[in-house]
Amino acid sequence: MIDVVKLMHLVAAIFWMGGMAFMLLALRPAAVALLEPPERLMLMGAVWKRFFLIVMVSIVALFATGTHLYTAAFRAIKAATGQGAVPLGWNVMLVLGLLMMAIFGHIYFAGYAKFKRAMAVQEWPLAGKAAAQIHTLMVTNFVLGWLAIAAVRLVR
Ligand code: HEM
């Protein structure tokens with residue numbers, strides 16, 4: 001059972017991290033090279049609409065499976081040793097994971113909402129500004145995601 005939970009945690013992480021990798025390293029640079037602002041913004045908006053839904057499902061899955069893995073191991077360690085000391089890297093993942101989720105909340109409810117409002121009235125410069133904010137926050141989450149994964153693998 002715990003192996004299935006771990007697998008689901010990995011699948012959700014791969015969808016979120018893989019999606020950001022594709023977006024930041026392939027899609028966005030190609031859109032910037034080939035398209036002018038109105039078309040580029042429309043493309044990014046259509047992509048985000050779909051990708052952000054995937055991220056929301058991933059977040060629910062990561063939180064549910066992550067907290068399950070954490071508490072199950074915490075209880076097992078406590079039962080075996082009398083102390084509930086999980087590896088430091090797990091606590092780093094917990095904190096960075098929650099931070100990533102909060103940053104995504106900001107992307108969605110601040111940046112993306114602003115972007116959609118600007119697009120609805122064809123305010124391209126304003127939409128471009130909101131898109132740049134979304135990009136910066138997504139880069140931040142991408143870096144935090146790798147730090148969390150490195151911590152859970154390398155920090156004991
Ligand atoms: C509330 C947030 C989170 C919690 C509580 C959490 C908890 C955990 C725990 C306890 C493990 C260790 C499982 C084990 O080795 O038995 C783990 C592994 C992992 N987590 Fe998370 N996690 C969270 C968020 C995230 C996020 C946001 C990502 C993606 C960026 C992520 C990616 C991974 C990966 C790839 C592994 C597997 C590492 C390995 O193969 O050893 N987690 N997580």
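In this chain, residues are counted from 1 in sequence order. In each ligand, atom 1 is the first atom listed, and ligand 1 is the first ligand listed. What you see is a predicted model; the values in this text were computed from it and never measured.
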Transitive ILVMFWY cluster of Met8, excluding itself - 4.5 Å side-chain cut-off: Val4
ILVMFWY cluster membership beyond Leu53 - transitive side-chain contacts under 4.5 angstrom: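 Taking Ile, Leu, Val, Met, Phe, Trp and Tyr as members, Leu53 stands alone, with no cluster partners.
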Any chance you could measure [X], atom [atom1], to [Y], atom [atom2], to the nearest 0.5 Å?
| X | Y | atom1 | atom2 | value |
| --- | --- | --- | --- | --- |
| Arg28 | Met23 | CZ | CE | 10.5 Å |
| Ser58 | Phe51 | OG | CZ | 7.5 Å |
| Ile2 | Leu7 | CD1 | CG | 12.5 Å |

List the atom of [X], the atom of [Y], and the distance in Å for their closest heavy-atom pair.
| X | Y | result |
| --- | --- | --- |
| Leu24 | Met138 | CD1-O, 4.1 Å |
| Arg153 | Arg156 | O-NH2, 3.3 Å |
| Leu137 | Ile107 | CB-CG1, 3.5 Å |

Would you mind listing which atoms of ligand 1 come within a distance below 4.0 Å of any non-hydrogen atom of [X]?
| X | result |
| --- | --- |
| Phe63 | 1 (C) |
| Met17 | 30 (C) |
| Arg153 | 39 (C), 40 (O), 41 (O) |
| Thr67 | 5 (C) |
| Lys6 | 14 (C), 16 (O) |
| Trp90 | 10 (C), 12 (C), 14 (C), 15 (O), 16 (O) |
| Leu10 | 35 (C) |

Atom 2 (C) of ligand 1: nearest protein contact (heavy atom, Å):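 I find the closest protein heavy atom is Met101 CE, 3.8 Å.
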For atom 21 (Fe) of ligand 1, every protein N/O/S atom that sits closer than 2.8 Å, waters excluded: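 His9 NE2, Met93 SD, with waters left out.
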Check: Arg40 side chain, Ala31 main-chain N or O, donor-acceptor pair, under 3.5 Å: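 No: the side chain of Arg40 does not pair with the backbone of Ala31.
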Identify all side-chain donor-acceptor contacts of residues 64-74 below 3.5 Å with residues at least two apart in sequence or on another chain.
residue: Thr65; atom: OG1; partner: His9; partner atom: ND1; Å: 2.8
residue: Thr65; atom: OG1; partner: Ala61; partner atom: O; Å: 2.6
residue: Thr65; atom: OG1; partner: Leu62; partner atom: O; Å: 3.4
residue: Thr67; atom: OG1; partner: Phe63; partner atom: O; Å: 2.6
residue: Thr67; atom: OG1; partner: Ala64; partner atom: O; Å: 3.2
residue: Tyr70; atom: OH; partner: Asn91; partner atom: OD1; Å: 2.3
residue: Thr71; atom: OG1; partner: Thr67; partner atom: O; Å: 2.7
residue: Thr71; atom: OG1; partner: His68; partner atom: O; Å: 3.3

